[in-house]
Amino acid sequence: MIKVHNKAFEILLQKAEIEAKIKDLAKLFDVEYKDKKPLFIGVLNGSFMFAAELFKNLSIDAEITFLRVKSYTDTKSNGKVTEILGLMENIEDRHVIILEDIVDTGLTVNKLQIMLKAQKPKSLAIATLLYKPKAIIKPIKVDHYCFEIEPKFVIGYGLDYDGLGRNLADVWVLKE
Ligand code: IMP
């Protein structure tokens with residue numbers, strides 16, 4: 001058990017099993033995107049650890065970049081992505097894979113898909129480390145995920161609770 005900002009978390013997924021799943025995903029991409037020089041787009045901040053682990057396990061020619069999204073917020077984030085920040089690359093005619101830390105309601109990925117599709121990539125896929133299918137509000141097609149989890153709050157491996165917990169090597173779930 002650990003405490004972050006006074007909340008208790010218990011272990012959900014260990015570093016070794018996380019890294020094994022990411023390795024499998026990299027192997028799959030090696031085949032699927034051979035000779036296609038795909039562009040991976042990590043969605044900051046949460047995806048940085050997943051993106052790094054995946055990318056270092058790839059053997060094919062591939063590029064990586066990162067973007068942030070600006071969400072419309074009133075009192076709390078409602079996933080209404082209004083803007084893509086920092087994407088310099090021209091993705092027209094490229095094979096693009098969005099890398100997310102977690103798909104929760106699906107609102108972020110849905111908006112990202114719409115905004116990136118407008119730039120006419122050759123293909124657009126979604127890969128996420130964690131997927132909470134029971135939390136989905138906006139039905140989206142998640143092409144690849146490493147772990148399906150219950151709709152509970154998690155931290156670690158890049159994911160935070162109010163800024164903390166991103167450096168944890170394992171994934172931890174909020175204790176009820
Ligand atoms: P969405 O609800 O699918 O739009 O998810 C938006 C973002 O909320 C994700 O990219 C995460 O950064 C964050 N998020 C959703 N669920 C969790 C969680 O359990 N822990 C930490 N961050 C989360």
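We count ligands from 1, going down the list as the structure has it; atoms in each ligand are counted the same way. One is the number of the first residue; the rest follow in order along the sequence.
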Self-check item: F153, any N or O under 3.5 Å of ligand 1 N or O
Solution: no
Quiz item: Quick check: does G106 get an N/O under 3.5 Å from an N/O on ligand 1?
Solution: yes
Exercise. Could you tell me which atoms of ligand 1, counted from 1 in the order shown, lie closer than 4.0 angstrom to a heavy atom of E100?
Key: 10 (O)
Quiz prompt | ligand 1 atoms in contact with L159 (distance to a heavy atom under 4.0 Å) | solution = 20 (N), 21 (C), 22 (N)
Quiz item: What atoms in ligand 1 come closer than 4.0 Å to a heavy atom of K132?
Solution: 16 (N), 17 (C), 18 (C), 19 (O)
Quiz item: Where does the angle between the aromatic ring planes of F40 and F55 fall among parallel (under 30°), tilted (30 to 60°) and perpendicular (over 60°)?
Solution: perpendicular
Practice problem: Hydrophobic side-chain clustering at under 4.5 Å (ILVMFWY, transitive links): who's grouped with L85? Put none if nobody. | Solution: none
Quiz item: When hydrophobic residues are tied together by side-chain contacts of less than 4.5 Å, even through go-betweens, does I41 share a cluster with Y131?
Solution: yes
Quiz prompt | Cluster link V171 to I22, ILVMFWY, side chain under 4.5 Å | solution = yes
Quiz item: So how far is it from I18 CD1 to F147 CZ, rounded to the nearest 0.5 Å?
Solution: 6.0 Å
Quiz item: Taking only residues two or more places apart in sequence or in another chain, which ones pass salt bridge (charged side-chain N to carboxylate O under 4.0 Å, His left out) with K3?
Solution: none
Practice problem: List every atom of ligand 1 that sits less than 4.0 Å from any heavy atom of T105, numbering the atoms from 1 in the order shown and giving each element. | Solution: 1 (P), 2 (O), 3 (O), 4 (O)
Quiz item: Any non-hydrogen atom of D160 lying under 4.0 Å from ligand 1?
Solution: yes
Practice problem: Flag yes if I60 and I97 sit in one hydrophobic cluster, no otherwise; membership is Ile, Leu, Val, Met, Phe, Trp, Tyr, and two members link when side-chain heavy atoms are under 4.5 Å apart. | Solution: yes
Quiz item: Is there a heavy atom in I102 that sits closer than 4.0 Å to ligand 1?
Solution: yes
Quiz prompt | Shortest reach to atom 6 (C) of ligand 1 by a heavy atom, considering only N110, V69, T108 | solution = T108
